[in-house]
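Encoded as structure tokens, the structure appears first; notes follow it.
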There are 2 protein chains.
Amino acid sequence: MSEPVPPGGTPKSATPKSATPKSATPPSETQSRRASIGARRSPAAEAAILDAARSLLAEKGYAGFSIDEVARRAGAGKPTIYRWWPSKADLFIAVYSADKAAAIVVPDTGALATDLAAYTTELWRFWRETPSGVAFRALLAEAQASEQAMAALRDKFLPLRLADLACVFTRAADRGEIAPADADDLLQLYIGFHWVHLLTGRIGEDAASIERMARLIVRAGRPDTAAPPTR
Amino acid sequence: MSEPVPPGGTPKSATPKSATPKSATPPSETQSRRASIGARRSPAAEAAILDAARSLLAEKGYAGFSIDEVARRAGAGKPTIYRWWPSKADLFIAVYSADKAAAIVVPDTGALATDLAAYTTELWRFWRETPSGVAFRALLAEAQASEQAMAALRDKFLPLRLADLACVFTRAADRGEIAPADADDLLQLYIGFHWVHLLTGRIGEDAASIERMARLIVRAGRPDTAAPPTR
DNA sequence: TCGTTACGAAACGAACCGTTTCGTTTGTTG
DNA sequence: CAACAAACGAAACGGTTCGTTTCGTAACGA
């Protein structure tokens with residue numbers, strides 16, 4: 001869905017015929033126009049479009065993310081965009097996927113609490129300072145209006161993105177810090193913490209809050225505390 | 001969304017399709033027209049607009065929530081809508097606020113874990129079965145594109161809506177189940193749990209998951225376990 | 001060489017937003 | 001009772017965006 005569409009359409013053999021002698025369209029200044037490079041996809045056009053989309057998203061958020069504006073900035077035609085990305089969402093997802101490479105380093109400090117605090121600090125900074133943060137928020141928003149986007153988010157995007165954090169919890173379980181059975185639930189709780197802050201615009205560097213939350217998570221997972229009134 | 005793009009152009013079917021003679025729209029049946037009742041606001045119009053907005057939101061989500069369509073369904077003029085709700089967002093919030101009355105009963109079972117589980121079950125049912133769930137998701141989405149909506153969500157909407165849950169945690173602190181200092185953070189964790197499930201479309205009745213999460217929250221707040229290796 | 005394909009420019013239709021004009025209806029005020 | 005004020009619905013307008021189509025041009029490939 002997010003991949004460019006291979007052009008395999010029906011060859012229409014009808015010659016344009018050009019009954020209308022349009023003439024004109026003077027090629028006066030062929031200066032900066034990025035002409036076709038022939039019967040193949042232009043890497044220059046693709047790169048220009050992706051770059052324009054990324055910077056536009058970073059500057060104006062999803063609200064200002066219009067195909068027309070992307071085309072203007074990229075010096076590309078809208079048909080060129082729609083040829084390779086059938087919808088606005090496709091282009092949007094492509095941008096995020098391309099950025100995902102520059103991901104986040106998963107900390108390994110030897111203790112869950114410090115791992116979590118470090119990860120959160122880094123993630124929030126990433127969300128604040130890169131187009132990806134904006135893009136992710138937009139993706140969450142988009143998913144609320146499109147069942148398709150929702151499914152993609154839930155089934156493809158999240159599991160992939162959460163793999164890093166999952167292994168932080170796995171290591172903690174191996175160290176005996178938390179009960180292995182709780183690892184998944186604790187991960188979910190921590191994700192929720194991130195999302196609430198992201199979606200309400202509170203992803204500043206509130207170190208105290210981050211640390212408190214990390215300690216709560218650790219405490220919730222402590223296996224030895226399960227003794228007394230667990231029924 | 002659209003189909004894969006046939007890049008070579010399609011056999012254009014030579015369609016002069018439009019040319020719709022607009023005329024029509026015969027007011028022939030003057031029956032149902034809701035005339036002015038004079039120099040005062042018409043309760044009938046207000047109710048019709050709110051009802052139309054609510055049902056439209058429930059049916060099509062925020063994507064299909066257009067002022068034009070609301071006006072059509074309500075048999076109202078757009079100026080009437082804009083006279084009383086200056087923007088689309090205002091009408092939208094009005095719908096949610098009106099529904100908020102039929103809110104959720106805050107459980108008081110005597111134990112935090114069971115309170116939380118009961119509350120979650122009820123809240124998710126509410127989100128699933130009323131337009132409000134759709135509306136809240138849409139509000140979250142809207143906030144990602146509009147700083148204004150974000151501020152309203154963070155500063156006005158949430159504190160109000162969270163008051164119920166807060167008192168569940170307060171009662172638990174009074175009973176000594178959790179450390180009073182942790183109440184706010186635990187509440188945040190629990191909210192995050194709700195949001196993640198709402199935003200990823202997983203608000204079915206997963207009783208087991210709900211209960212596990214409630215127990216984790218309680219354990220995270222246990223005051224007596226607050227001891228050692230915080231380093 | 002000649003057909004195929006990609007390119008950008010431009011225009012188009014549809015949808016929606018928010019506004020304005022218009023004629024009508026009905027309370028309120030003098 | 002008459003004049004005014006205010007609300008009503010219909011309709012249209014300007015602006016924006018999406019996604020499509022047409023058109024002329026340019027390079028690859030057989």
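So that the names make sense, note that chain A is the first sequence line, chain B the second, and so on, each numbered from 1.
Atom CG of Leu189(A) sits about 11.5 Å away from atom CG of Asp184(A), to the nearest 0.5 Å. For the atom pair Glu211(B) CD and Thr121(B) OG1, the distance stands at 9.5 Å (nearest 0.5 Å).
Atom CH2 of Trp85(B) and atom P of dA7(D) are 13 Å apart (whole Å). Rounding to whole angstrom units, CD1 of residue Ile49(A) and C1' of dG8(C) are separated by 10 Å. At whole-Å resolution of the value, CD1 in Ile67(B) and P in dG9(D) are 14 Å apart.
Ion pairing between a basic and an acidic side chain is recognised when a charged N comes within 4.0 Å of a carboxylate O; Asp115(B) and Arg171(B) show such pairing. Under a 4.0 Å N-O distance rule, the pair Arg54(A)/Glu59(A) does not qualify as a salt bridge.
Proximity of the aromatic rings of Phe193(B) and Trp124(B) is defined here by a centroid distance below 6.0 angstrom, and this criterion is met.
When all heavy atoms of Asp182(B) and Ala220(B) are compared, the pair lying nearest together is OD2-O, 4.4 Å.
Side-chain atoms of Ala45(B) lie closest to dG9(D) of the nucleotides dC18(D), dG9(D), dC16(C). When the nucleotides dG9(D), dT17(D), dT19(C) are ranked by their closest atom to the side chain of Tyr82(B), dT19(C) comes out on top.
Between Ser66(B) and dC17(C) there is a side-chain N or O to OP1 or OP2 distance below 4.0 Å. Considering only side-chain N and O atoms, Arg83(A) lies under 4.0 angstrom from the phosphate OP1 or OP2 of dC7(C).
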Under 3.5 Å, N/O pairs linking protein and nucleotides 9-12 of chain C:
none

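Within the nucleic acid shown, Trp84(B) comes within 4.0 Å of sugar-phosphate atoms alone, with no base atom in reach, counting heavy atoms only.
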